[in-house]
Trainee: 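Before I ask anything, here is the structure I am working with.
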Amino acid sequence: MAATERIVIENCAIATVDADGTEYASGHLVLAGDRIESLGAGPAPEGLTDVTRRIDATGHLATPGLVNTHHHFYQWLTRGLATDHNLFDWLVALYPTWARLDEDMVSAAARGSLAMMARGGVTTAMDHHYVYPRGTGDLSGAIIRAARETGVRFTLARGSMDRGESDGGLPPDFAVESLDDALAATEATVREHHDSSSGAMTQIAVAPCSPFSVSTELMRQGAELARSLGVRLHTHGSETVEEEKFCHELFGMGPTDYFESTGWLGEDVWMAHCVHMNDSDIAAFARTGTGVAHCPSSNARLAAGIARVPDLLRSGVPVGLGVDGTASNESGELHTELRNALLVNRLGPHREHALTARQALRLGTYGGAQVLGRARETGSLEPGKLADLVLWRMDTLAHASIADPVAALVLGAAAPVTASFVGGRQIVADGRLLHVDEEKIARATRAEAQRLARIAGQG
């Protein structure tokens, strides 16, 4: 959309998720180019020029687009397997299959994962991809191309593993990289694809997989590489009690102390899960500004536990929401995580005071933008920010009798997405993706899942 072209949206409830939690029972938004030009109560100002489209959003709630902070797209091809396993047993069961991935499989899986998220209100996505079997093509490039086609803003967390079975790790040796190869490939990905400019559609993070699948040297040098290139850092942390035991046995300290010893705490770092954290761990994250990607559905699916989200928030730790891989969250939709974050945390010690509906929405929007380092540009509806927003339909049978639209969105059934915009460009209309073919994607993912299963079955 040209910078002077305007889209006017009127007659909708608006939850801005700004610092003051500003909301309008009936208001308007004016989009100019890729930015939000203005918003407020009542109808849009008269006399606006270059208006190319007007949307009567009666019966809708406008929110910032959802921001996904942790995912593994490739797992779209292995959904519904190992459904009664804890994390370590689940990994042991699935790594032999994941080790057979190739570029066509990863491409199809990325398209499936992105399509499911985008049509459910995600405007900023990320993928933590760390499985790079030798000689299987340009996996990172395939993922980035899929995001561009779908139309979402995207961060690829270029992962790596250098601890295979022979070194006490879980993945087969042929599915891991050497230290030097992992660092070189990560640096090449950053230099080729990372965009640090305002409104960037593609960014890269440095992301060794986890303490139990990478060497200490890869963690340490990965952090040094990220900071030399000016990009963010991401990994898994404190997900299970088994991981804590592993860290104590191998490193003589818990996960948080280990991360700090390798340079992995800081405002440029975010960790996935962070379920098993004591008070000193939370204090360390708060002191350093380290962020957390909370994945309630996956944590429940793998019986990992309940993350201390209320305590993290009260300590000032940035927290966003993550789908996690769809082999441990088969729906692959982030808007369900709003509800699950609220409900799961109310099962913890804070009970009904754990999270409110508005805190859950903030986790899925502004909180996610914070941990991805993009809160100045997206995550809330404010003049000058990127026009990344969603119109949720709230006047159907599923929600019409709930007076509070935010409570309806978070606690009610999954709300239909009438329109989703990324940088002022519409990517969803009436629940359908505009720039990719959902049926074609579904057929491709099924075919590639079947091909992967055949190859894995042949050993």
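Since this is a predicted model, take the numbers as computed values, not measurements.
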Trainee: Tell me whether T445 contacts the main-chain N or O of G112 through its side chain, where contact means a donor paired with an acceptor under 3.5 Å.
Mentor: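 Here the side-chain-to-backbone pair does not exist.
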Trainee: Is there a side chain to side chain contact (heavy atoms under 4.5 Å, CB included) between Y130 and Y74 once you walk through the steps?
Mentor: CA-CA 10 Å; Y130 52 83; Y74 72 86; 2.7 Å; yes
Trainee: Is it possible for you to check whether R100 lies under 6.0 Å from the centre of the six-membered ring of W98, through NZ or CZ, and within 45° of that ring's axis?
Mentor: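 No.
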Trainee: Taking H60 for the side chain and A62 for the main chain, is one N or O donor matched with an acceptor at less than 3.5 Å?
Mentor: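 Between the backbone of A62 and the side chain of H60 there is no qualifying donor-acceptor contact (under 3.5 Å).
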Trainee: Is the H273 ring parallel, tilted or perpendicular to the H70 ring (thresholds 30°, 60°)?
Mentor: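 Answer is perpendicular, since the angle exceeds 60°.
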Trainee: Side chains of T378 and D388: do they bring a donor and an acceptor to under 3.5 Å?
Mentor: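 Present: a donor and an acceptor within the cut-off.
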Trainee: Tell me, please, whether Y132 has R158 positioned over its six-membered ring: NZ or CZ under 6.0 Å from the ring centre and within 45 degrees of its axis?
Mentor: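 Because its charged atom sits under 6.0 Å from the ring centre and within 45° of the axis, R158 does stack over Y132.
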Trainee: Between T186 and T189, is there a side-chain donor-acceptor contact under 3.5 Å, judged purely by atom types and distance?
Mentor: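 Their side chains do not contain a donor-acceptor pair, so the 3.5 Å distance test is not met.
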Trainee: Applying side-chain hydrogen bond (donor to acceptor under 3.5 Å, both in side chains) between H435 and each of Q426, E149, R148, R425, report the one that passes.
Mentor: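 Exactly one option meets the side-chain hydrogen bond (donor to acceptor under 3.5 Å, both in side chains) with H435, and it is R425.
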Trainee: For the pair D102 and R451, evaluate salt bridge (Lys or Arg N to Asp or Glu O under 4.0 Å) and give the outcome as yes or no after the intermediate values.
Mentor: CA-CA 11 Å; D102 61 27; R451 186 167 71 88; 3.0 Å; yes
Trainee: Taking the six-membered ring for Trp, are H72 and H128 parallel (under 30°), tilted (30 to 60°) or perpendicular (over 60°)?
Mentor: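 If you compare the ring of H72 with that of H128, the planes turn out tilted.
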Trainee: What orientation do F73 and H71 show, parallel under 30°, tilted 30 to 60°, or perpendicular over 60°?
Mentor: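 Aromatic pair F73/H71 classed perpendicular.
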Trainee: Go through the steps to decide whether R314 and H350 satisfy the test side-chain hydrogen bond (donor to acceptor under 3.5 Å, both in side chains), and finish with yes or no.
Mentor: CA-CA 12 Å; R314 286 168 190 164; H350 298 284; 3.2 Å; yes
Trainee: Within a strict 4.5 Å, meaning less than it, do heavy atoms of the N329 and R301 side chains meet?
Mentor: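 They are not in side-chain contact.
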